[in-house]
Asker: 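Sharing a structure below in structure tokens format, with a few things to ask.
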Amino acid sequence: MPYQEEFLLRAYRSMRTIREFEERCIAEFMGGNVPGFVHASNGQEAIAVAACIDLSDSDIIGSTHRGHGHCIAKGCDIGGMMKEIMGRSTGLCKGKGGSMHIADIDKGMLGANAIVGGGPPLVNGAALASKTLGTKNVALSFNGDGSANQGTAMEAMNMAVVLQLPHVFIYENNGYAEGTAANYGLGCDSLTDRNAGFGMPAECVDGNDFFATYEAIKVATKRARDGGGPTSIEAKCVRFDGHFIGDPQLYRGKDEVKNARKNQDCLKIFRDRVIKEGWLKTAAMDAIDKEIKVEIEQAVADGLAAPHPDPVTDLMSDVYCSY
Amino acid sequence: MPYQEEFLLRAYRSMRTIREFEERCIAEFMGGNVPGFVHASNGQEAIAVAACIDLSDSDIIGSTHRGHGHCIAKGCDIGGMMKEIMGRSTGLCKGKGGSMHIADIDKGMLGANAIVGGGPPLVNGAALASKTLGTKNVALSFNGDGSANQGTAMEAMNMAVVLQLPHVFIYENNGYAEGTAANYGLGCDSLTDRNAGFGMPAECVDGNDFFATYEAIKVATKRARDGGGPTSIEAKCVRFDGHFIGDPQLYRGKDEVKNARKNQDCLKIFRDRVIKEGWLKTAAMDAIDKEIKVEIEQAVADGLAAPHPDPVTDLMSDVYCSY
Amino acid sequence: MTNNSNNAQVAGKTSIKTYRDAINDAIREEMRRDPTVIVLGEEVSGGAGCDGEDDAYGGVFGVTKGLMPEFGRERVIDTPISEAAIIGAAAGAANNGLRPIAELMFFDFIGVSFDQIFNQAAKFRYMFGGKSKTPMVIRGTVGGGWRAGAQHSSMLHSIVTHIAGLKVVMPSNAYDAKGLMVQAIRDDDPVIFLEHKVMYDNECEVPDEQYAIPFGEAAFPRQGKDVTIVAISNMVTHAIAAADILAEEGISCDVIDPRTVSPMDDEAILESVEVTGRLVVVDEGNPRCGLASDIAGIVAEKGFHSLRAPIRTVTAPHTPVPFAPELEDAYLPNVDKVLAAVREVLGA
Amino acid sequence: MTNNSNNAQVAGKTSIKTYRDAINDAIREEMRRDPTVIVLGEEVSGGAGCDGEDDAYGGVFGVTKGLMPEFGRERVIDTPISEAAIIGAAAGAANNGLRPIAELMFFDFIGVSFDQIFNQAAKFRYMFGGKSKTPMVIRGTVGGGWRAGAQHSSMLHSIVTHIAGLKVVMPSNAYDAKGLMVQAIRDDDPVIFLEHKVMYDNECEVPDEQYAIPFGEAAFPRQGKDVTIVAISNMVTHAIAAADILAEEGISCDVIDPRTVSPMDDEAILESVEVTGRLVVVDEGNPRCGLASDIAGIVAEKGFHSLRAPIRTVTAPHTPVPFAPELEDAYLPNVDKVLAAVREVLGA
Ligand SMILES: Cc1ncc(C[n+]2csc(CCOP(=O)(O)OP(=O)(O)O)c2C)c(N)n1
Ligand SMILES: Cc1ncc(C[n+]2csc(CCOP(=O)(O)OP(=O)(O)O)c2C)c(N)n1
Ligand SMILES: [Mg+2]
Ligand SMILES: [Mg+2]
């Protein structure tokens with residue numbers, strides 16, 4: 001068995017937690033308990049978990065507007081996340097950030113980013129700190145097919161090569177940037193080839209396949225840690241929900257989502273594989289499913305009960321360390 | 001003879017005019033007659049002329065901080081240019097622009113640009129206007145090896161492909177961005193390969209060879225005009241002078257410039273070729289050299305005699321068309 | 001005319017229209033009239049390259065809905081997520097015969113496109129000695145109230161107002177939105193057109209035909225003689241509400257809506273302060289180097305002798321926009337804050 | 001202490017130093033003291049990948065000269081021309097244990113890096129509920145006088161002052177430049193450090209040892225009771241010259257140099273105006289939503305009852321910076337314009 005049981009269970013638990021968290025987020029948003037814009041990552045769980053499962057808290061990730069999955073995969077507390085997304089003062093960012101600006105520096109989660117392409121230059125910085133201080137930490141940025149076209153992302157790739165930074169660029173190609181096809185926004189035939197042109201190893205994987213994604217990122221992470229510089233990994237995947245929660249998704253083909261949920265569900269594919277290979281038992285995974293339902297239920301209940309920020313003191317604090 | 005004599009003489013005249021203009025600019029700058037920063041393009045004449053010689057006034061070019069050669073090749077009046085560079089009110093931009101912001105809209109010269117990477121998005125716009133209005137004009141942007149790393153340039157390339165704009169991206173790779181080697185700033189091995197990754201035809205030519213450069217750009221321009229979208233042409237070349245006039249160039253290798261002036265002078269190479277092939281006579285070119293000396297002499301004299309702008313009326317005009 | 005509409009009167013048929021539809025109207029009619037007008041930006045139509053419906057969004061706020069079906073993808077252009085390239089394409093096209101309307105989905109995205117706005121489009125005319133014109137509009141949504149957090153809720157109008165070469169338009173109601181958009185499209189200079197996202201559904205009576213409202217002419221939604229209240233964009237809503245409350249107490253407020261903040265109708269403000277002697281400025285932006293202190297500074301310089309009390313500015317605090325509803329509500333200026341400021345300048 | 005130096009006194013050995021060298025000193029000593037301080041930007045060393053000399057530039061204005069030979073390319077990092085990536089790398093590194101000093105060769109280049117400055121670095125602390133710190137310095141040259149034209153001569157300090165989360169430092173002399181740079185590096189928040197390019201060769205007496213000048217404390221290069229002149233960066237030079245001329249006529253000016261414009265020492269200004277009753281603000285930036293009107297606005301709000309005359313602002317006009325020397329000279333505030341303004345507020 002090429003993977004330890006503990007590892008497989010951990011991977012499954014993490015993916016299932018994301019799925020459950022996102023589905024519940026959607027429900028709570030619809031129910032009016034979550035303010036603002038929320039971008040759910042259900043469908044893309046395998047990539048987040050494949051990327052983060054081997055990382056330590058001192059490794060760094062930089063995320064996107066669609067960041068819940070990355071947070072959970074990196075070990076952020078789901079209670080703290082739910083409170084943050086609900087805008088409560090005990091949330092991960094005291095309710096000041098919200099879904100699009102969630103961060104947990106202690107866990108090496110440098111932040112979601114509501115600016116498309118905002119993350120990769122910052123993750124270069126985390127990687128530069130690792131290189132300068134000799135800590136051997138790696139830094140991973142999550143990017144979308146759409147954000148690939150933002151100049152900041154492209155500059156960051158070139159600079160990562162020039163400075164040989166330990167930065168793994170992960171591109172989650174879910175086929176859409178809002179309501180625009182990835183194939184339209186990207187003028188090239190292959191994002192992976194385009195990224196390879198920047199002078200870094202670049203690989204394209206099936207992001208619905210946890211194992212394929214995991215193996216590719218593992219190689220890239222090791223290379224980065226060993227001083228071999230950046231890598232680009234494009235993971236093709238499916239966005240199960242709208243661009244934002246509430247998006248009517250008129251631009252999607254008939255039955256596209258239905259079929260994807262049936263045939264391209266990374267969780268189902270994982271389950272089928274580990275069962276087929278005899279690596280895990282159905283019962284073990286079902287048990288995890290149940291546990292997680294309870295955990296998420298608790299997170300929501302705690303979130304709804306959590307205190308709201310104080311409009312006077314909380315509004316004015318945390319702008320500066322000192323002024 | 002694959003080229004008409006008239007064409008060859010025109011090409012030579014244009015290149016020689018640039019050379020003479022730049023050398024005189026350097027002298028006048030050193031003599032205190034030219035204020036500000038000036039970036040001379042001597043050494044790179046073949047590219048400017050190869051790119052512009054077939055263009056009409058309604059075709060558009062967008063230039064860089066190193067823009068004199070592009071202006072001259074596109075047909076701007078050297079008298080008006082010299083006055084502009086000297087800051088006189090009868091200059092091409094009334095003395096308000098200067099060397100780094102020289103423009104001549106009537107000649108399809110959209111402007112030098114003091115912001116590295118500032119040009120290509122704008123040239124996309126010119127190309128878009130051509131496409132939308134169906135004018136069949138082409139638009140060319142001049143870029144450097146250094147500006148290739150600016151996100152704006154990369155965004156513009158992708159957008160040009162997506163919208164299939166008639167835009168030829170010319171990269172003058174002169175080996176340096178200020179005092180940084182092109183090979184350092186570009187993480188990739190080949191800028192041409194990187195640009196090809198964006199989904200456009202990309203070719204690398206010897207920019208010291210007028211003919212090679214001309215032929216490549218001709219194909220690209222035709223493709224653009226015929227609705228075939230953008231092309232990238234990288235032309236390797238040599239910057240004969242400093243980054244700016246007055247640059248001590250400590251970063252350059254011993255004898256590098258001397259050798260380049262000897263062996264990689266595009267004007268010499270042109271002369272040798274046309275004589276070897278029997279396409280032109282030495283005397284014809286020598287005659288042009290003499291004429292141009294006189295013209296430039298006149299441009300300088302006119303420039304020095306030209307009126308200065310009026311500190312009251314000229315300062316406050318031309319901010320808006322109406323306010 | 002309803003509450004928020006302007007002082008001007010236009011003959012002809014009118015309809016009750018939302019702010020969103022008024023802008024859509026203006027653009028559509030100008031596109032019909034003038035084939036050089038184009039629209040470009042992310043999701044301005046939506047559905048590009050997709051299997052489902054075209055014009056799926058018509059702008060994420062639906063402002064450009066219906067334009068692509070009428071004018072086609074050649075004139076209503078969905079772009080990659082490349083704001084610098086969007087603005088640059090608009091500016092370059094504007095120099096070459098088109099009148100582009102570029103959309104920044106959220107004006108917060110000026111960060112990735114600012115050079116093309118302030119160093120390029122804004123400066124062409126001056127740098128080139130008056131020889132070029134750049135007739136383009138940059139539309140962007142501004143402002144808080146949507147719980148959209150620090151990177152999607154900013155105002156930022158003060159930053160573009162600082163830049164010579166840009167005109168800055170901030171309609172506070174549907175009537176003005178239409179007339180100012182028509183002017184923006186017909187104007188030969190780069191115009192920043194800022195739409196406050198909480199106002200998209202606000203309605204008022206709007207003439208069916210096209211009309212242009214000149215830039216630099218304030219509107220006077222309430223007239224009075226005790227205190228001048230200058231407010232902009234959605235803050236006009238609060239200023240009017242405050243004025244109506246104060247009117248019942250016998251305090252008469254002169255509410256001025258500059259409508260365009262560059263150029264700005266300084267004279268209207270100075271003339272009003274000449275009468276009232278008291279000034280409150282309400283602006284949702286941050287306070288430092290913001291529009292509120294800009295107006296205060298102008299009056300302290302040119303209208304000093306009229307002033308009978310300290311000027312009071314009502315702005316957001318010097319913080320980013322917080323996410324939590326309680327915090328965002330506390331962050332934003334509102335009717336109560338305007339009332340308090342007016343009472344202060346009167347009581348002082 | 002020479003003309004331009006500050007009110008504070010420091011014991012120990014001093015030398016006559018240029019503004020350039022004072023900044024270099026501050027950075028070098030901090031880099032010696034603290035291994036987490038790094039420098040990055042275009043040409044901060046120069047010669048990367050070339051056959052000739054290393055440290056060929058040491059910054060295009062020579063400010064970082066000598067740092068690379070001492071600290072190596074690992075800590076003095078030449079970068080590609082990618083300002084967004086430069087600022088992003090600094091911000092991300094600052095969140096992860098380094099204290100980067102990023103250079104924007106000309107501060108005019110904020111256009112291509114502005115998002116990383118204002119939406120990222122400036123907002124991290126607030127958005128993340130106080131859980132991160134971003135100790136970074138962005139150095140940039142500002143200002144006119146070099147005939148560098150519209151895209152290399154801007155001030156732009158008002159734009160960053162508008163942004164909550166940024167501190168903005170604008171030293172007017174070598175003494176302050178050193179002390180403020182030391183503070184900037186040691187500060188735990190993002191600091192914008194703006195160096196006026198015409199001052200690099202200005203000299204004054206500077207202590208050899210390191211000292212930090214706290215932010216938000218104005219300097220008082222001239223004291224007086226007839227009129228308050230607030231000036232910033234290179235405008236302090238003109239304000240002092242004007243004050244010295246007026247002193248001979250028996251007019252005593254209180255010249256205030258805020259040194260840092262965010263945070264700004266409002267109190268020093270208000271206290272001075274309490275005495276003088278008259279205020280002139282001199283700022284090289286553009287007028288609309290600029291620092292001059294910001295200060296005027298603050299005084300019109302908080303110091304109104306002290307004022308005995310209209311406030312006068314002396315700024316650049318509402319135009320880009322022109323190239324031709326005559327035009328640029330007319331564009332820039334100068335001693336004559338300050339004198340005229342002072343006479344106006346006194347005569348009025
Ligand atoms: C600079 C910027 N431009 C535009 C947006 C609006 N926007 C938010 S997400 C998004 C699409 C991103 O697509 P992609 O990178 O593929 O990520 P996905 O949503 O598919 O996860 C857009 C256009 C933004 N937030 N920031
Ligand atoms: C945005 C921006 N960054 C930096 C500069 C400073 N600068 C001017 S030219 C230049 C080098 C450009 O190199 P390249 O593109 O190769 O053009 P070349 O000078 O070789 O013609 C730099 C860094 C600038 N003007 N604009
Ligand atoms: Mg996507
Ligand atoms: Mg070069």
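Remember, predicted model here, so these are calculated numbers, not experimental data. Below, read A as the first sequence line, B as the second, and so on, with proteins coming before strands; counting in each chain starts at 1. All values below were derived from every heavy atom in this structure, side-chain atoms included, with hydrogens, water molecules and symmetry-related copies excluded.
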Asker: In Å, rounded to the nearest 0.5 Å, how long is the span from CG of D187(D) to OG of S322(A)?
Answerer: 4.5 Å

Asker: Applying side-chain contact (heavy atoms from CB on, under 4.5 Å), run through N95(D) and I60(A) and close with a yes or a no.
Answerer: CA-CA 10 Å; N95(D) 272 306; I60(A) 297 290; over 6 Å; no

Asker: Flag the one option from A126(A), A103(A), A127(A) with the top tally of heavy-atom pairs under 4.5 Å to chain D.
Answerer: A126(A)

Asker: How many angstroms lie between CD1 in I38(D) and NZ in K131(A), if you round to the nearest 0.5 Å?
Answerer: 10.0 Å

Asker: So how far is it from M109(A) CE to F128(D) CZ, rounded to the nearest 0.5 Å?
Answerer: 7.5 Å

Asker: Side-chain contact, heavy-atom cut-off 4.5 Å: E83(D) with E155(A)?
Answerer: no

Asker: For chain A, find which of Q120(D), K123(D), E74(D), K133(D) contributes the most heavy-atom pairs closer than 4.5 angstrom.
Answerer: Q120(D)

Asker: Do F124(D) and L122(A) touch side chain to side chain, with heavy atoms closer than 4.5 Å?
Answerer: yes

Asker: Any idea which of G117(A), G118(A), G91(A) has the most non-hydrogen atom pairs under 4.5 angstrom with chain D?
Answerer: G118(A)

Asker: Looking only at non-hydrogen atoms, find the nearest pair between P121(A) and A84(D) and report the distance.
Answerer: CB-O, 3.8 Å

Asker: With a 4.5 Å cut-off on side-chain heavy atoms, are N96(D) and L110(A) touching?
Answerer: yes

Asker: Relative to chain D, which segment of S58(A) carries a heavy atom at a distance below 4.5 Å: side chain, backbone, both, or neither?
Answerer: neither

Asker: Strictly distance-based, threshold 3.5 Å: is any side-chain N or O of D189(D) a donor or acceptor partner for the main-chain N or O of C321(A)?
Answerer: yes

Asker: Checking heavy atoms, do the side chain of I86(D), its backbone, both or neither come under 4.5 Å from chain A?
Answerer: both

Asker: If we ignore hydrogens and angles and just use 3.5 Å, is the side chain of Y320(A) paired with the main-chain N or O of L166(D) as donor and acceptor?
Answerer: yes

Asker: Look at atom CD of E70(D) and say whether more than 12 heavy atoms of other residues, nucleotides or ligands are closer to it than 6.0 Å.
Answerer: yes

Asker: Looking at chain A, which one of S262(D), P190(D), G216(D) has the largest number of heavy-atom pairs inside 4.5 Å, strictly under?
Answerer: S262(D)

Asker: Nearest 0.5 Å, please: how far is OG1 in T79(D) from CG in L163(A)?
Answerer: 7.5 Å

Asker: Please state whether the side chain, the backbone, both or neither of D188(D) comes within less than 4.5 Å of a heavy atom of chain A.
Answerer: both

Asker: So which atom in M159(A) and which in P80(D) form the shortest heavy-atom distance, rounded to 0.1 Å?
Answerer: CE-CD, 4.0 Å

Asker: In terms of heavy-atom proximity below 4.5 Å to chain A, should T260(D) be classed as side chain, backbone, both, or neither?
Answerer: neither

Asker: I105(A), I102(A), T135(A): which one forms the most heavy-atom pairs within less than 4.5 Å of chain D?
Answerer: I105(A)

Asker: Starting at NZ of K96(A), measure out to CZ of R125(D) and round the result to the nearest 0.5 Å.
Answerer: 9.0 Å

Asker: Where on V162(A) is there a heavy atom nearer than 4.5 Å to chain D: the side chain, the backbone, both, or neither?
Answerer: side chain

Asker: Quick one: what part of F215(D) sits under 4.5 Å from any heavy atom of chain A, side chain, backbone, both or neither?
Answerer: neither

Asker: Taking side chain as C-beta onward, heavy atoms only, is K131(D) less than 4.5 Å from D106(A)?
Answerer: no

Asker: Distance check, rounded to the nearest 0.5 Å: T152(A) atom OG1 versus D115(D) atom CG?
Answerer: 7.5 Å

